[in-house]
2 protein chains.
Amino acid sequence: MATEIKPDDARIIAGFERFYEALRRLTPRSELSLTAASTLRRLERSGPHRLSELYAPEGVSQPAMTQLVTRLEREGLARRSSDPADGRVVIVSITEEGRDAVARRRDGRARALAELLEQLPEDEHAALLAALPALQRLGDLIID
Amino acid sequence: MATEIKPDDARIIAGFERFYEALRRLTPRSELSLTAASTLRRLERSGPHRLSELYAPEGVSQPAMTQLVTRLEREGLARRSSDPADGRVVIVSITEEGRDAVARRRDGRARALAELLEQLPEDEHAALLAALPALQRLGDLIID
DNA sequence: TGATTTATATCACTGGCTTATACAGATATC
DNA sequence: GATATCTGTATAAGCCAGTGATATAAATCA
C-alpha cells in the first residue's frame, strides 16, 4: 500500500511479467546456467576481469564465483591467469570455446524469437521496433 | 546458417535479451524459486491440477515436481489431495498462504518496475504501451 | 486372474548457491 | 624491517533444486 501504481504502468508490468515467463521458457535447459551465461557474456563484452570484479555485478557471493570459474575452467569455457603485479589476484578470461558456447546460446534463442516475430502482423512488429529505445533505457536503469 | 535473421528482428532480439537480463536482476533472492513461483501462478490462475499436469509445462521432470510440491506443502504454500475417482492421482492446489506469496513477489517486482517506468520520457512510455499487444501475442505464441 | 500401463514417490547423484573460515600476498605501522 | 592488518581467493559444510533409474500402488486390459 506504499506507492500507488498507475493503471497504465500496471498493464505494462503485467505484459512484462508474461513476456519474461515466455522468454524464460524459450531457453530450456541450456549447457549454461544463468549466471554462467551472464558471466561469459560479460567477459566477452568487456574483456578479462579479476574474480573480485565479477561476483558483485552478477549478484552472487565470492565463493560462488570461485566455484563457477572452476567449473567454467574445467569445461574449457574460461581461463584463470595471474596478475604479475599482485600475487593474490586471479584474472578470468573467456576462451574461444566459451565464445562458441555463448554464441550457440544466443543463436538458439534468437532463431526461436525470429520465427515468432515473423508471425506478428506488420503493425505490431513496428510497435516493437518503436518500443526498443524504451526497453534499452529501462535496461540501462536496471543493470549496473 | 539455417534461416537468416532480418536486421530489424536482430535489433528487437538484442533488446529483448538485454531486457530479460535486467528483469532477471530485478528479482533478487526471493522466497520462491523460478519453478516454484511459476507453478504457484499456474495453480492460482487455473485452479488445482494433477501432479502429472504440472511438470511438463514447467519443463521439469516428474520427480522434480514431486519434490517441489513436497517443499511447497512443507512451507504451507500448496496442498496435496487425492482424486476419489483414481487412487494413484495427487491433486495439487494453492493455499491462501501461497496466494499471498505470489502476490508479494508480484508486488515487489511491480513496484520496482513502476518506479523505473516513471523515469521514462513520455514518448517512450507511450511506445511501451503501444507495444503491449505485440508482447501479449508473442507471449501467447510461446506459452502453452 | 495375471500382465501391463499409469501416477507418484524414493534413491543416489550433481550443480549452484549460502555462510564461515583459512591462507597467502600486499600494505601499513612502529 | 619485523609484525600486524587488510585484501583476494580458496576451502569446507550444508541446503536447495534438478537429474535418471527404479520402486510401488492403483487402474486397465487380455
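Within every chain, numbering begins at 1; the chains are lettered A, B, ... in the order of the sequence lines, protein sequences first and strands thereafter.
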Restricting to nitrogen or oxygen on both sides, can you table the protein-nucleotides 12-17 of chain D pairs closer than 3.5 Å?
unit_1: D:dA17; atom_1: OP2; unit_2: B:Arg71; atom_2: NE; d: 2.4

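Residues passing the salt bridge (Lys or Arg N to Asp or Glu O under 4.0 Å) test with A:Asp100, sequence neighbours excluded: none. Applying the salt bridge (Lys or Arg N to Asp or Glu O under 4.0 Å) criterion to B:Glu118, with sequence neighbours excluded, gives A:Lys6.
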- Query: Checking side-chain contact (heavy atoms from CB on, under 4.5 Å) for the pair B:Thr39/B:Val92: CA distance, chi angles, key distance, verdict?
  - Reply: CA-CA 10 Å; B:Thr39 302; B:Val92 186; over 6 Å; no
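When atom types are taken as modelled, the side chain of A:Ser82 and the backbone of A:Val90 share no donor-acceptor pair closer than 3.5 angstrom.
Within the structure, salt bridge (charged side-chain N to carboxylate O under 4.0 Å, His left out) contacts touching residues 67-77 of chain B (residues at least two apart or in different chains) are B:Glu73-B:Arg80.
On a pure distance criterion of 3.5 Å, a polar donor-acceptor pair joins the side chain of A:Gln62 and the base of D:dA10.
One atom, CZ of B:Arg50, and another, P of D:dA27, lie 11 Å apart when rounded to the nearest Å. Distance B:Leu54 CG to C:dA9 C1': 16 Å, rounded to the nearest Å. We find that CE of B:Met65 is positioned 13 Å from C1' of C:dT8, with the value rounded to whole Å.
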Name each donor-acceptor pair under 3.5 Å that joins a side chain in residues 48-57 of chain A to protein atoms two or more places apart or in another chain, with its distance.
unit_1: A:His49; atom_1: ND1; unit_2: A:Gly47; atom_2: O; d: 2.6
unit_1: A:Glu53; atom_1: OE1; unit_2: A:Arg50; atom_2: N; d: 3.0

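Relative to the side chain of B:Leu51, the nucleotides D:dA10, D:dT19, C:dT8 differ in distance, and C:dT8 lies closest.
The side chain of A:Thr66 contributes no N or O atom lying less than 4.0 Å from OP1 or OP2 of D:dT11. Within the structure, every side-chain polar atom (N or O) of B:Ser61 is placed at least 4.0 Å from both OP1 and OP2 of D:dG18.
A salt bridge links B:Arg99 with B:Glu96; the closest basic N to acidic carboxylate O contact falls under 4.0 Å.
Figure legend: B:Arg11 and B:Phe16 shown without cation-pi pairing, the cationic atom not lying both under 6.0 angstrom from the six-membered ring centre and within 45 degrees of its axis.
Of the residues in residues 77-93 of chain A, those with a non-hydrogen atom less than 4.0 angstrom from any atom of DNA chain D are A:Arg80, A:Arg88, A:Val89, A:Val90.
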